[in-house]
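Structure, as structure tokens:
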Amino acid sequence: MKNYLKELNDQQRIAVENYQGASLIIAGAGSGKTRVLTTRIAYMIDNHIDAFSILALTFTNKAAQEMRERVETIVGVDAKNIWMGTFHSVFARILRAEAFRIGYPNNFTIYDTDDSKSVIKAILKEENLDPKGTYKPSAIHSRISACKNSLIKPDDYENNIELMDSDKSSGKARFIELYRKYNARCFRSGAMDFDDLLLNTYDLLNNFPDVLYKYQHRFNYVLIDEFQDTNVVQYMIIKKIAASTRNLCVVGDDSQSIYSFRGANIRNILDFEKDFPELKVFKLEQNYRSTVNIVEASDNIISNNKYRLPKKLWTNNAAGNKIKILKADTEADEANITAFNILNLHKNENIAFSDIAVLYRTNAQSRAFEEAFRRLGIDYRLVGSISFYQRKEVKDLLAYFRFVINPADEEALKRIINYPARGIGDTTFAHLIVFANDNQCTIWDIINNINAFEISNRIKTVLTEFAFMIKSFQIAVKQKDAFEAAKQMSKESGLIRLMSDDKSPEGIGRFENVQNLLSAIKAFTERENTEDKSLAAFLQEVSLLTDADNQDFKTDKVTLMTVHSAKGLEFRVVFVAGLEENLFPSMMSVDTREELEEERRLFYVAVTRAMEKLYLCYATTRFQWGNLRYCEPSRFLDEIESKYIEYNAGAKQGKIKTPEIKTSTVQRKPVLPVRKPLFVNPDFKGDDVSSLQTGMNIEHNAFGNGKILQIDGVGDSRMALIYFDKFGQKKILLKFAKIKIV
DNA sequence: CGATCAGTCTTTTTT
DNA sequence: AGACTGATCG
């Protein structure tokens with residue numbers, strides 16, 4: 001028997017050896033899931049399975065990287081050839097090769113949530129809808145996202161009477177229209193949002209048999225980590241890819257499913273059993289991570305959930321310390337008590353800071369801890385929801401790169417066109433959008449033909465200079481390597497000067513971030529085993545990185561992060577903060593059993609991160625929206641049997657007061673103007689525009705029938721003034737127009 | 001067009 | 001309390 005197999009227990013080893021066919025590995029917290037997955041892959045390669053034919057999908061980029069390293073230590077360089085990554089990054093890679101089939105440029109941009117919301121805001125503005133009323137950008141976005149994650153496209157949505165009716169009755173009748181317009185706008189910008197990466201991959205496999213064939217035959221073995229957190233599209237995609245070989249191995253723990261708000265669906269596990277009736281089920285129930293107290297307390301917690309697969313974790317580890325409950329007066333007090341305990345652990349028990357984590361429900365809670373830690377000189381690393389690449393100054397420079405690579409990218413253009421200030425304000429940009437809409441072309445097309453349009457000469461000059469600069473950047477990107485091109489753009493755009501002029505502490509921080517971005521590009525171009533070192537490849541990679549992917553957990557610092565980002569990690573000591581009603585469980589999630597059970601699974605995840613010591617903290621008062629609130633201890637604390645718990649003085653007797661309920665201010669409903677939806681006929685064939693003359697009756701691909709009132713200009717600048725029956729008078733640049741003579 | 005100021009709204013969680 | 005928006009003025 002191979003040496004690495006000897007290190008496994010019987011359940012683990014069987015799960016490794018049975019790599020053919022469909023497998024469901026139900027792996028409890030701390031049961032050696034990653035070890036099984038990596039050993040299984042190594043074992044496959046040892047048994048002459050071609051590394052190129054293995055696809056392994058993980059939850060984070062970091063997990064993929066670590067898994068690759070671990071496989072490599074067993075089987076060597078072959079591990080480099082395995083396709084390993086997150087759903088999003090692997091599919092983005094596939095789409096980059098195949099995007100042309102669905103009408104996208106291969107250098108398509110990936111829109112992050114901010115970009116998506118900004119697109120929605122722009123649409124709401126054009127449609128004169130109130131972004132604070134019924135149509136909140138974030139609400140629209142999450143609804144669109146939910147649709148995409150459940151494979152409901154605009155046509156499906158419109159045909160679904162239930163959805164349409166519920167929109168009507170809730171006053172959101174125009175949602176479907178916004179959904180379509182949002183998609184159209186992204187498409188026109190050559191951009192895909194996170195959900196499109198999944199949906200478009202699905203479409204690709206579904207609509208192009210040759211593509212499906214190609215990937216089915218390329219990936220003979222598919223492995224999925226954290227399967228409980230996959231959503232419908234993700235499952236549909238892997239089902240398609242694995243359909244011919246049926247070698248699909250999924251690993252997961254239903255008790256750790258914490259992403260249903262993102263469309264994750266525990267039902268995938270049930271569907272998997274139905275779709276692959278031949279599957280073998282393996283259960284990993286021995287916990288190697290935590291003490292008896294922690295394992296049994298976590299079992300107390302999770303047994304309150306009704307919906308779960310039967311399994312029982314056990315451990316051979318020591319009984320360990322009791323779980324300590326810390327009661328604090330305020331959030332600052334909570335942070336101080338935590339900091340104090342951390343210093344004690346560090347001094348008296350010689351526990352490294354890097355072995356300690358503070359976990360909380362919401363990112364906003366980090367602040368108090370940061371302050372306390374700074375005051376007491378405790379080094380910490382903050383894993384936030386905003387990654388390095390989402391900081392404003394970094395995104396600004398990235399936007400230059402994005403736009404140079406994909407000049408259809410409107411969101412990028414919006415960021416850079418007047419930054420640094422060039423005297424191109426909102427009004428001008430709004431004009432450009434109107435011109436682009438009228439001409440059914442991109443804003444970049446308009447800028448390049450700006451002389452044909454009615455706009456002040458000052459603006460024309462500035463825009464022409466801008467276009468000249470962008471074109472010089474485009475040449476740089478073609479001729480130089482990613483780093484040199486990036487350096488040139490950061491200088492010549494004026495961004496560097498803008499940053500270095502700002503001598504405030506924040507300004508210096510921003511300047512450093514931009515320098516760090518350039519260093520990251522440098523490192524990217526010098527990296528081994530990355531074949532595509534273009535700036536475009538760099539952009540794609542960083543748009544899918546999370547903050548956790550960027551952290552190095554090796555330096556000796558205490559880790560601060562949300563429970564969500566702690567998934568998959570473990571620490572010798574864990575503090576779970578803010579265990580109060582309306583915070584953990586969240587106020588938003590106590591209305592239904594399903595939501596509450598998800599909060600409980602989240603708490604379960606938090607507790608099971610701890611190896612040796614666990615502290616559960618709560619405060620009796622907390623500042624929220626500038627108001628002091630009284631807090632009740634979390635109901636979850638009562639779910640742990642008292643024999644596993646040790647209270648600090650008076651911890652259990654929290655003051656119980658009903659929190660004040662903030663009454664919402666009555667908002668006046670905006671008057672909605674009527675606007676005709678625009679239907680663009682994709683199959684429309686225009687006549688030769690040079691034959692057009694004043695007085696002709698014509699048909700336009702988007703605006704329908706009209707009459708030419710006037711034509712002026714020559715060459716590319718030739719424009720027609722047209723009166724449309726449905727849209728009134730418009731000035732249209734003939735270069736882009738699709739017009740038929742009637 | 002851009003800077004400043006007042007008023008509004010915010011909190012889940014993330015690829 | 002702090003970020004963000006929109007209105008007003010230079």
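Below, chains carry the letters A, B, ... as their sequence lines are ordered, and counting in each starts from 1.
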Every protein N/O within reach of nucleotides 1-4 of chain B N/O, cut-off under 3.5 Å:
unit_1	atom_1	unit_2	atom_2	d
dC1(B)	OP1	Gly425(A)	N	3.0
dC1(B)	OP1	Thr428(A)	N	3.4
dC1(B)	OP1	Thr428(A)	OG1	2.5
dC1(B)	OP2	Thr427(A)	OG1	2.2
dG2(B)	OP1	Asn418(A)	ND2	3.3
dG2(B)	OP1	Gly423(A)	N	3.4
dG2(B)	OP2	Asn418(A)	ND2	3.1

Short N/O separations, protein against nucleotides 13-15 of chain B, under 3.5 angstrom:
unit_1	atom_1	unit_2	atom_2	d
dT13(B)	OP1	Asn363(A)	N	2.7
dT13(B)	O4'	Arg361(A)	NH1	3.3
dT13(B)	O2	Arg361(A)	NH2	3.2
dT14(B)	OP1	Thr562(A)	OG1	3.0
dT14(B)	OP2	Asn363(A)	ND2	3.3
dT15(B)	OP1	Thr546(A)	OG1	3.2
dT15(B)	O4'	Arg262(A)	NH1	3.4
dT15(B)	O3'	His88(A)	ND1	3.3
dT15(B)	O2	His88(A)	NE2	3.2
dT15(B)	O4	Thr113(A)	OG1	3.3

In 5'-to-3' order, the base (B), backbone-only (S) or no-contact (-) status of each nucleotide in nucleotides 1-10 of chain C, using a 4.0 angstrom heavy-atom cut-off, is BS--SS----

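The backbone N or O of Arg391(A) sits nowhere less than 3.5 Å from a side-chain atom of Arg510(A) that would complete a donor-acceptor pair. Side-chain N or O atoms of Lys460(A) include one that pairs as donor or acceptor with a backbone N or O of Phe453(A) at under 3.5 Å. At distances below 3.5 Å, at least one donor-acceptor pair connects side-chain atoms of Ser634(A) with backbone N or O atoms of Phe584(A). Formation of a donor-acceptor pair under 3.5 Å by the Glu597(A) side chain with backbone atoms of Tyr307(A) is found in this model. Side chain of Asn106(A) to backbone of Ala97(A): no donor-acceptor contact under 3.5 angstrom is found.
Residue Gln365(A) contributes atom CD, which lies 19 Å from atom P of dT10(B) at whole-angstrom precision.
Scored by the side-chain contact (heavy atoms from CB on, under 4.5 Å) test, Lys153(A) finds Asp156(A), Leu199(A), Asp203(A) as partners (sequence neighbours excluded). Glu580(A) is linked by a side-chain contact (heavy atoms from CB on, under 4.5 Å) to Glu334(A), Leu583(A), Tyr618(A), Ala619(A), Arg622(A), Cys631(A), counting only residues two or more places apart in sequence or in another chain. With sequence neighbours left out, the side-chain contact (heavy atoms from CB on, under 4.5 Å) criterion links Asp112(A) to Asp114(A), Asp115(A), Phe194(A), Gln390(A), Lys395(A).
Distance noted for atom C1' between dG6(C) and dT11(B): 23 Å (whole Å). Only the P atoms considered, dT13(B) is 15 Å distant from dC4(C), to the nearest whole Å.
Counting all heavy atoms, side chain and backbone alike, Gln234(A) lies closest to Asp229(A) at OE1-O, 4.0 Å. Nearest heavy atoms, Met192(A) versus Asn200(A): SD-ND2, 3.2 Å.
Residue Lys136(A) is in sugar-phosphate contact alone, with no base atom involved, counting any heavy-atom pair closer than 4.0 Å across all strands shown.
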